[in-house]
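Chain letters run A, B, ... following the sequence lines, proteins first, then strands; residues in each count from 1.
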Amino acid sequence: MGKRPPGPVGRFCPETHSLDGSALSRVVDAVGILDHIGQQGAGMFRSVTFKNFRGFQDLTLGGLSRVNLIAGKNNAGKTAALEGVFLLIAPNLPELTLRIHALRGIEQIAALETWEWLFYDRKVDTPVRLEAETVQGTKCSLALRLTHAKKTKTVRKRKKGQPARIPEPGSLSTAAVKQLIVEYTDPSGGRHISHGIVSERGLEWERASMPLYPIGFLLTPRGRNHSEDIERFSRLAEVGREQEIVKALQALDKRIKDLKMLVTSGNLPMFYAEVGLSHLVPLSLMGDGVDRLLSMMCAVLLAKGGTVLIDEMENGLHHSVMKDVWKAVGLAAREADAQVFATTHSYECIAAANEAFGEIPATHDLRLYRLERTKEGLGVATYDQEVLEYAAEMNQEVR
Amino acid sequence: MPALPGRPKAIEKPCLVLGEGPDDWFFLSALVEELRIDHIQVDHLQGKDKLSLHLRALKERTGRERLRALAIVTDADDNFGASFRKVCNSLSAAGFAVPVAAGTHTNTAPSVGVFVLPDNARPGELEDLCLASIQADAAFACLDQFFECVKTASGREPREPSKARVLAWLAAQPMKGGVKHLGIAAFKGCWPWTDAAFQPLVNFLRLM
């Protein structure tokens, strides 16, 4: 396997790539395109910095590992951290600035206001800056600026099915034309500028043409999409990897021997599990956890050299299975050379991760971050695997 | 008597005292309770070899913003100076301030103090401090006589004389069910807190 190119990792793609409306959480599906993967973990982020973004004035998650678990109280910024990374790994997709709100269930707010909420304290005069350094030492950044548009360019129209709301005609005057400038600086210093524009014509996008990033996924409890899971599973099945999913699901239900996709009604296939009964059982009847783990595993296994962001990791999963879930995710991430960021509220989830990664030999793939609000502002506590193991052994609170 | 934490414990009080192990935890907790000091939380290491790791974990631990004072209570073992330096090295490596002498606290935020048992001077351990506190007891001489008798009769001597003496002392206490641990004995009133032997440690805690 050769080294990754210096720019955003991946093969140069002359076409800007679009998102189809159904793929809410998918950034770039580059399976089959990315046929070269760099050195082990070469493209992984070593640190990410959020400046003037959401609730972060200036926060860095340093010493990132392959699997990065983010804990903290409610409204500490866990999901925002995932969103920041998500925007950074798809720097020419300005639509994501709205889609991340849709994934939070916010679709009723006009784009302009939604964009303002990307800025710390809605202070739009100071640009958002998302910065990252890879383990190879290369740096990239994404700046978001909300400005008056000098002119409206010919741009691709928003696709049907996208969640962003188009302002009502007449609700904005020409003077109110505003644009979100999404400026990406790649590791070689090249600048790539994309736009989102709100004008009397509605909401329009202009995407920079630039090298393709590796695949990235953002999985949220409320944003799951069955058709995406079908598609991702199909891609794995194409290359005979469906048993990897089955094996992972057995952590939740040992009876699962196989998975099938059947079309029994309507047009959309459904997952069925073979559990030793006379009929296959619809997977969705086997609990949220099974569905969720399937989503996670499909994403991680497909994220070759890319990034998987999982919000509320423990959602739908009983604490007793978390260790096996973490093992499956951890091993899959290593196999795929993917980097995982996940959030949790759960001590059991953290303890299970600690146990699971402690049993994966010769790796120190886990790091825990706790975001915390103090009088001085938002801070972060960082546990490497050794310290986390000790804290768990000593029954110390780490959430 | 408090139990060792069953659920994950954060830093909940502004002053934190670290003992070496569970026995130290019980002992120090009992002393803090006796002194009615509410602002001190007692914690323990998983053995003194884990001090550096514990301090690294402490820097990240939930509630760390509350920490105003940290104290480490450690055994001198064979060499008081070496033990004190070892703790100071661990403190320094973890980014904490280092006190100029054992039994003192720094003027930093958080303040940091180190107390080397038994008395910031001699070799020894927690057991030696407790034994020092009961020297005025009429039965204290019986301990030496007992071990001398055993030695004379069998030639056997305990490898850890201080620990053996503490166990013998506790075994002779008139308590239902007996008491086998120094730390638990502290909660059961076996150690005379007002004895002068405890005064340096009491003063050290009161200064936090």
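- Put simply, the side chain of A:Y390 gets close to the backbone of B:Q46: a donor and an acceptor are under 3.5 Å apart.
- Residue B:K50 touches chain A through both its backbone and its side chain, counting heavy-atom pairs closer than 4.5 Å.
- Looking at A:V398 and B:E60, their side chains never come closer than 4.5 Å, going by heavy atoms from C-beta outward.
- Taking CZ of B:R64 as the reference point, atom OG1 of A:T374 lies at 8.0 Å (rounded to 0.5 Å).
- Heavy atoms of A:E372 lying under 4.5 Å from chain B belong exclusively to its side chain.
- How far CE of A:M394 is from NE2 of B:H44: 4.5 Å, rounded to the nearest 0.5 Å.
- Within 6.0 Å of CH2 on A:W117 lie no more than 12 heavy atoms contributed by other residues, nucleotides or ligands.
- For the pair B:I11/A:E397, no side-chain contact is recorded, criterion being any heavy-atom separation below 4.5 Å from C-beta on.
- The 12-atom threshold is not exceeded at NZ of A:K139, counting heavy atoms of other residues, nucleotides or ligands nearer than 6.0 Å.
- The neighbour count for B:H181 NE2, taken as heavy atoms of other residues, nucleotides or ligands under 6.0 Å away, does not exceed 12.
- Within the 4.5 Å cutoff, no side-chain heavy atoms of B:E65 are placed close to those of A:R373.
- Residues B:L53 and A:E386 are in side-chain contact: their nearest non-hydrogen atoms beyond the backbone lie under 4.5 Å apart.
- Side-chain atoms of A:R370 come within 3.5 Å of backbone atoms of B:R61 as a donor-acceptor pair (strictly under, hydrogens ignored).
- Ranked by non-hydrogen atom pairs under 4.5 Å with chain B, the options A:V387, A:L368, A:L388 are led by A:V387.
- With hydrogens and angles disregarded, a donor-acceptor distance shorter than 3.5 Å links the side chain of B:T62 to the backbone of A:R399.
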